[in-house]
Amino acid sequence: MMSQLDLRQLERKAWQLYHQDGLVEVFLGLLLLLAFLAGIAGEYRFYLYIPMLLMGPAIILAKRMITVPRMGQVKFGPARRAKLRNLRLLAVLVFALTIALLIVTLRGSAWVREYHVLLSFGLGALIALLFAAVAHWKDFPRLYLVGLIVGTAFTLTELLDSPLPMLVAGGAVLAVGLVILVSFLRKYPLPAPGPGTAN
Amino acid sequence: MTTDEGNAHSAAQPGVIDRLIHEPARLMLMSYLYVVDGADFLFLMRQTGMTQGNLSSHLSKLEQAGYIDVEKKFVGKKPRTMIRATGEGREAFQEYRQRMESILEESKGE
């Protein structure tokens with residue numbers, strides 16, 4: 001019996017069940033759709049950056065309003081918290097990299113135009129790699145596939161010089177997220193009030 | 001004193017299986033509480049698939065044995081029950097695992 005009781009697996013199962021709400025996919029899908037809209041909005045694109053920046057707080061709020069009342073609250077152990085610390089470091093790195101990329105693009109350096117194809121593939125690979133790192137540290141296997149979709153969308157957007165791949169990728173990721181979210185809501189309805197079930 | 005409580009006390013003796021933990025539902029509860037720092041009532045209900053009454057009853061037994069710490073508080077006007085494994089509970093669970101593993105090892109050798 002004890003050989004079947006793999007505690008690491010149990011902790012992993014609890015963690016993954018807690019994140020089976022599809023919210024990450026929904027918000028990533030929306031983010032890609034906003035990127036598409038920014039691509040066609042011309043001078044009004046600035047207004048679309050605001051909801052993009054609000055996606056982070058929005059996902060935390062949605063988690064509190066949708067997932068916690070249905071799944072309850074849990075404080076995971078130190079090993080899991082250490083993995084999340086790595087993730088925070090990665091977030092800082094990504095932010096710095098994004099700013100650097102923005103500066104390089106805005107300055108319109110000649111080598112950016114010269115190596116455009118190579119840089120487009122590099123950008124897609126980097127995005128897919130970042131998603132893979134998050135998938136690994138967050139024990140979130142679906143993100144490997146999402147990373148591949150997002151990375152491909154970025155590469156194609158650059159190569160085709162059209163935001164259409166963002167629309168396709170955003171639509172696909174959002175649809176997957178909504179299917180998972182609906183299934184989550186059906187499987188875990190709000191509990192009836194009882195001892196200690198308030199959230 | 002219930003049979004389980006009596007057995008919980010006997011668990012302190014070396015080589016004796018802790019029957020309080022050995023019961024499948026409580027074993028599952030102790031396993032979850034061992035791998036996380038703390039969880040609320042609803043989380044345990046979702047993870048274990050137990051009913052409210054069943055879960056309450058098992059938690060009471062574990063609390064009486066001093067294996068878990070149950071903290072009841074209010075969030076706004078609603079009650080929330082947070083549950084943590086105590087040091088004693090973690091130790092008992094660890095001992096239980098070791099004991100079961102050694103029994104299984106012994107049975108393999110036969």
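Chain identifiers are assigned alphabetically (A, B, ...) following the order of the sequence lines, protein sequences preceding nucleic acid strands; residue numbering begins at 1 within each chain.
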Sub-4.5 Å side-chain heavy-atom contact between A:Q73 and B:R80: yes

Do B:F93 and A:L7 have side-chain heavy atoms sitting under 4.5 Å apart? yes

Of the listed A:W15, A:F76, A:Y18, the one with the largest count of heavy-atom pairs under 4.5 Å with chain B is A:F76

Provide the closest heavy-atom pair for A:G77 versus B:D37 in the form atom of the first, atom of the second, distance. CA-OD1, 3.7 Å

Interatomic spacing from [atom1] in [X] to [atom2] in [Y] - rounded to 0.5 Å:
X	Y	atom1	atom2	answer
A:K13	B:Y32	NZ	OH	3.0 Å
B:L42	A:R70	CG	CZ	10.5 Å
A:L17	B:Q47	CG	CD	5.0 Å

Option passing side-chain contact (heavy atoms from CB on, under 4.5 Å) with B:V35 (candidates A:E11, A:R80, A:R12): A:E11

Need one label for A:R8: side chain, backbone, both or neither, based on atoms under 4.5 Å from any heavy atom in chain B. neither

Counting only heavy atoms not in A:M65, do more than 12 sit closer than 6.0 Å to its CE atom? no

With a cut-off of 6.0 Å (strictly less than), are more than 12 heavy atoms of other residues, nucleotides or ligands near CZ of A:R64? no

What part of B:Y34 is in contact with chain A, defined as an atom under 4.5 angstrom from a non-hydrogen atom: side chain, backbone, both or neither? side chain

